[in-house]
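This report concerns only the one structure given below.
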2 protein chains.
Amino acid sequence: MDEIPEKLKQAGLKVTLPRIKILETLEKSAGQHASAEEIYRLLLQHDEEIGVATIYRVLTQCEQAGLIHRLQFEGGRAVFELACASHHDHLVCVRCGQVEEFYDEVIESRQREIAGEAGFDIEDHSMVLYGLCPRCRQQAPKEDG
Amino acid sequence: MDEIPEKLKQAGLKVTLPRIKILETLEKSAGQHASAEEIYRLLLQHDEEIGVATIYRVLTQCEQAGLIHRLQFEGGRAVFELACASHHDHLVCVRCGQVEEFYDEVIESRQREIAGEAGFDIEDHSMVLYGLCPRCRQQAPKEDG
DNA sequence: TTTGATGCAAAGGATTTGCAAATTT
DNA sequence: AAATTTGCAAATCCTTTGCATCAAA
């Protein structure tokens, strides 16, 4: 499973320790989704002191190379994921931040139809369902009256 | 159609000139979608000098009151729309920024099913299709190859 | 008049950038 | 050795906040 250096090479990026560490961290992060700052902290925990600037730069370069995806959920900071998996959309827990992936062919085909009717040439789409994950639902049975 | 003051009152907000102007500007903006900065500039064009801080404050307050929605498309800045219309999702032109709305019951119901299977209690969702609108498609027949 | 709203400028968080020093090929 | 990459700090973008002034109820 250690193809990270290969991928960097194929992307025309030099294979450096920071890059490898950053991608490995993303790979191992919970649910394989992490923000730049989370990656920074995870690296620190493993005694890898890589500056935030480098992390942002590497993530941006890898995104442009198609190695990772940048996800813009509600709440400002971007979250990144390795691009190895096939296309999918996301379920995000508004309480704990947990991210789950899903893919639904019915939705995908409806999207194509809708875009076609509107005359749009779709390049990309994002679909995020926000709510409480099973765990958080139990911990917060009811919030209001 | 001039119910803006009414809505403000119902939301428990004082009916002030800046608020009325800001909501009117949003109402009249292209496709009824605008960012805070766009609203600021549109107001300036009509010789209304309202500070950005006020615009952000008013937009945030109106959002909390349910009068408008804050949309987080790709690219950082938030875009706002009046909440008068019923729920819908968005098609965004990646070139000219044009925003179109759509609603599809098939997608909506699939979303509910998916969330249910995952055990999530959905509070909200966002779905955005990014691509070239009909006009921009003509102006840019092919970019590569 | 009392309460809430505005404007300005300063603060804030996330991300980017300039430049010299350090690395990879 | 040549070309990139890194780290740091300063800069930038978008948005929020503190506080004195001003307007709405």
Side-chain angles (χ1 to χ4, degrees), chain A residues 4-26 33-44 46-65 67-80 97, chain B residues 4-26 33-44 46-65 67-80 97:
Chain A
I4 287 177
E6 312 269 310
K7 290 185 179 172
L8 285 170
K9 245 178 246 170
Q10 287 170 23
L13 298 170
K14 284 189 178 173
V15 181
T16 65
L17 249 303
R19 284 179 178 156
I20 294 171
K21 292 295 179 187
I22 289 168
L23 293 181
E24 279 182 359
T25 300
L26 191 51
H33 291 82
S35 67
E37 202 202 327
E38 282 166 354
I39 292 173
Y40 176 71
R41 283 192 303 226
L42 287 167
L43 283 165
L44 276 188
H46 291 271
D47 295 307
E48 301 284 352
E49 300 208 13
I50 298 175
V52 246
T54 299
I55 294 175
Y56 277 107
R57 258 183 310 229
V58 169
L59 290 172
T60 299
Q61 291 166 329
C62 290
E63 185 201 7
Q64 289 169 346
L67 268 52
I68 66 180
H69 293 309
R70 181 189 301 252
L71 308 173
Q72 193 69 53
F73 297 149
E74 291 175 351
R77 78 216 74 186
V79 170
F80 298 83
Chain B
I4 288 177
E6 311 270 310
K7 291 184 180 173
L8 285 170
K9 245 177 246 171
Q10 286 169 23
L13 297 169
K14 283 187 179 175
V15 180
T16 66
L17 250 305
R19 284 181 178 154
I20 293 172
K21 292 295 181 189
I22 290 168
L23 294 181
E24 279 181 359
T25 301
L26 191 51
H33 291 81
S35 66
E37 202 202 328
E38 282 166 353
I39 292 173
Y40 176 70
R41 284 192 302 227
L42 287 168
L43 284 166
L44 275 188
H46 291 272
D47 295 306
E48 302 284 352
E49 300 209 13
I50 297 176
V52 247
T54 298
I55 294 175
Y56 276 107
R57 257 183 311 229
V58 168
L59 290 171
T60 300
Q61 291 165 329
C62 290
E63 185 202 7
Q64 290 169 345
L67 268 54
I68 65 180
H69 293 310
R70 180 190 300 254
L71 308 173
Q72 193 69 55
F73 297 149
E74 290 176 353
R77 77 217 73 187
V79 170
F80 299 83

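Chain naming here is simple, since letters A, B, ... match the order of the sequence lines and numbering starts at 1 in each. Since the model is a prediction, treat every value here as computed from it, not as a measurement.
A 4.5 Å side-chain heavy-atom check between Lys14(B) and Arg19(B) finds at least one atom pair inside the cut-off. Glu37(A) places none of its side-chain heavy atoms less than 4.5 Å from the side chain of Val52(A). Between Leu13(B) and Val58(B), every side-chain heavy-atom pair lies at or beyond the 4.5 Å cut-off. Residues Ile39(B) and Leu59(B) have side chains in contact (heavy-atom distance under 4.5 Å, counting atoms from C-beta outward). Residues Glu49(B) and Leu44(B) are in side-chain contact: their nearest non-hydrogen atoms beyond the backbone lie under 4.5 Å apart.
With dT6(C), dC14(D), dT5(D) as the choices, the nucleotide that has an atom nearest any side-chain atom of Thr54(B) turns out to be dT6(C). Across dA9(D), dA5(C), dT5(D), the shortest atom-to-atom separation from the side chain of Arg19(A) is found for dT5(D). The side chain of Thr16(B) sits closest to dA5(C) out of dT16(D), dA5(C), dA14(C). The Ala36(A) side chain lies nearest to dT15(C) when the options are dA9(C), dG4(C), dT15(C). Across dA9(C), dA9(D), dT3(C), the shortest atom-to-atom separation from the side chain of Ala53(B) is found for dA9(C).
dA5(C) atom P lies 15 Å from atom NZ of Lys9(B), rounded to whole Å. Following rounding to the nearest Å, Arg70(B) (CZ) and dT15(D) (C1') show an atom-to-atom distance of 8 Å. We find that CZ of Arg77(B) is positioned 18 Å from P of dA14(C), with the value rounded to whole Å. Lys21(B) has its NZ atom 16 Å from the C1' atom of dT6(C), to the nearest Å. Across the protein-nucleic acid pair, Glu37(B) atom CD and dC14(D) atom P stand 6 Å apart, rounded to whole Å. Rounded to whole angstrom, the span from the OH atom of Tyr56(A) across to the P atom of dT15(C) amounts to 3 Å. The OH-P distance, from Tyr40(B) to dT6(C), rounds to 15 Å in whole Å. Rounded to a whole Å, the CD1 atom of Ile50(B) is 14 Å from the P atom of dA23(D).
Phosphate contact (OP1/OP2 of dT16(D), side-chain N/O of Arg57(B), threshold under 4.0 Å): absent. Side-chain nitrogen and oxygen atoms of Thr60(A) include at least one within less than 4.0 Å of the OP1 or OP2 phosphate oxygen of dT16(C).
Each of Ser35(B) and Gln61(A) lies near DNA chain D, and the nucleotide nearest Gln61(A) is the one positioned closer to the 5' end. Remark on DNA chain C: of its neighbouring residues Val52(B) and Ala78(A), the 5'-side contact belongs to Val52(B), judged by nearest-heavy-atom nucleotide.
Fit an axis to the five pairs at each end of the helix from dT1(C)-dA25(D) to dT25(C)-dA1(D) and the two axes sit 30° apart, to the nearest 10 degrees.
Put simply, the side chain of Lys14(A) and the base of dT23(C) share no donor and acceptor less than 3.5 Å apart.
Closest approach of Ala11(B) to Leu67(B), counting heavy atoms only: CB-CD1, 4.0 Å. Smallest separation of non-hydrogen atoms from Phe73(B) and Gln72(A): O-CG, 4.5 Å.
In the displayed structure, Tyr40(A) atom OH is contacted under 6.0 Å by at most 12 heavy atoms of other residues, nucleotides or ligands.
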